2 protein chains.
Amino acid sequence: MARTQGSHSDITGPRIRAAALKLFARHGFAAVSMRQIAAEVGLQAGALYNYTPDKQSLLYELMRGHMDDLLAARQAEAANATDPMTRLENFTRFHIRFHIERPDEVFIAYMELRNLTPENFAEIEGLRHAYEDELETILRDGVAAGVFAVPDPRIATYAVIAMLTGVNTWYRPRGRLSLDEVETLYWDMVRKAVSA
Amino acid sequence: MARTQGSHSDITGPRIRAAALKLFARHGFAAVSMRQIAAEVGLQAGALYNYTPDKQSLLYELMRGHMDDLLAARQAEAANATDPMTRLENFTRFHIRFHIERPDEVFIAYMELRNLTPENFAEIEGLRHAYEDELETILRDGVAAGVFAVPDPRIATYAVIAMLTGVNTWYRPRGRLSLDEVETLYWDMVRKAVSA
DNA sequence: GTTTGATTTGAACGATTGTTCAGTTAATCT
DNA sequence: AGATTAACTGAACAATCGTTCAAATCAAAC
């Protein structure tokens, strides 16, 4: 049965998640009904329960998948550089690019945390913490190497991430600036903000 | 009748708005019912309609009041300084302090924009734009005076505001750092990020 | 071509939603 | 004291919510 295990050519599960993602991002988790999600994929509401145990799990899986993608993509890109300045530039450009490519996921991941059960919330927050720790380590290494001057690396981590994620609130793909220009502008500010 | 005009000693209206503020911030606009708000003030749901025409207006009034407070408080404090560096420090410290004192209002103002009608949304966005323009003007003046080096003052405005507002996501009143220490840490980063 | 099993429908469930309103209570004014 | 008015209750409204499930439909295997 499809309730617990997907069948051979399961394309419906992903389509349901994509519809939920789009609708949650536009209207908010609480404001979207299972019937709206079903209509978006051309099904009746009851059919959704072949693919998800309930509405809450749908939200959790979206967030969990997003955080897993984030950490996996970061790990795939973070390997080579050694000096803190280059690593910080890599992180800055990676963060902007990754988040700009997934505006709906990012929006949900920041705004719907309160709709998670406590256990699910703790899990998502743990993943976010792991991501933040990557940046904090870069900053600490830079301080130790004398290239950065940040009195409180944890606070600087929060500050940099908030600044970078803020790109999502105003950037539009066909806007005045290319993504590469945006990356460079932000990298200039980040570099100056933390440099010794 | 109280439906259109408040009576002499109206304390109920503010109490309703305070309850709505608290509940909207905790659970989100769509997830809070009029009955929950009424229960918080010790009333039945129907009585709320003596103070607000509908639920949507309750949200709009909270946001509108918050933005009005922000612009009024800013105007009261922004008058004196002349050199861009001092004005930027004033803005930075003001922004952090004002937002930290109103975590619920700030949370709602950023997260529930999509629950406003298009007209109400446009109005709130206009007020936010006016506030952002204050910072942008400071940055442009600083560039003209040669003390700041920001290639794109509009983008730098977005970056600084996102960074400063991010304090609300982690700051706790009885945490490791005092508000003044936080202000100083952020001011250091802002100053370095935009300085020539 | 029949059987099998996955998939979907369509209706039903109890609960809850925002909002209205006739009727009751409480306070103020003459 | 009697009249007026504001404030509130409690019930009702149609609509919608998440979820369940027997029955219908579909696709593939034999």
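Side chains included, hydrogens not; waters and symmetry mates left out as well; all remaining heavy atoms used. Remember, predicted model here, so these are calculated numbers, not experimental data. Lettering follows sequence order; numbering is per chain, from 1.
Using a 4.0 Å heavy-atom criterion, one finds that A:V32 contacts the sugar-phosphate atoms exclusively.
Using a 3.5 Å distance cut-off with no hydrogens or angles, the side chains of A:H99 and A:Y171 do not pair a donor with an acceptor.
Rounding to whole angstrom units, CZ of residue B:R35 and P of D:dT9 are separated by 13 Å. Computed from coordinates, the A:L48 CG to D:dT20 P distance equals 12 Å when rounded to whole Å. Straight-line distance from the CD atom of A:Q36 to the C1' atom of D:dA15: 14 Å, rounded to whole Å. Between B:D10 atom CG and C:dA27 atom P there is a gap of 15 Å when expressed in whole angstrom units. Atoms CD1 (A:I37) and C1' (D:dG18) sit 11 Å apart, rounded to a whole Å.
Using a 4.0 Å cut-off, no side-chain N or O of A:S33 falls inside it from OP1 or OP2 of D:dT16. For A:Y51, no side-chain nitrogen or oxygen approaches OP1 or OP2 of C:dA6 to under 4.0 Å.
For residues 53-64 of chain B, the salt bridge (charged side-chain N to carboxylate O under 4.0 Å, His left out) pairs, not counting sequence neighbours, are B:R17-B:E61, B:R64-B:D68, B:R64-B:E123.
Checking D:dC8, C:dT19, D:dT19 against every side-chain atom of A:D54, the shortest atom distance belongs to D:dT19. Taking the side chain of A:N50 as heavy atoms from C-beta on, and the options C:dT8, D:dA7, C:dT17, the nearest nucleotide is C:dT8.
Geometrically, A:R74 does not engage A:F98 in a cation-pi contact, judged by NZ or CZ lying under 6.0 Å from the ring centre and within 45° of the ring axis. Geometric assessment of B:R128 against the ring of B:Y110 yields a positive cation-pi assignment under the 6.0 Å and 45° thresholds.
In this view, A:Y158 and B:W170 satisfy the ring-ring contact (aromatic ring centres under 6.0 Å, His included) rule, not counting sequence neighbours.
Salt bridge annotation for A:R97-A:E101: absent, with no cationic side-chain nitrogen under 4.0 angstrom from a carboxylate oxygen.
Taking the nucleotide of DNA chain D with the nearest heavy atom to each of A:M34 and B:L43, the more 5' of the two is matched to B:L43.
The stretch residues 56-64 of chain A has no heavy atom under 4.0 Å from DNA chain D, so no residue of it qualifies as close.
If you run side chain to side chain contact (heavy atoms under 4.5 Å, CB included) between B:D141 and each of B:L139, B:V143, B:T137, B:I138, only B:T137 comes through.
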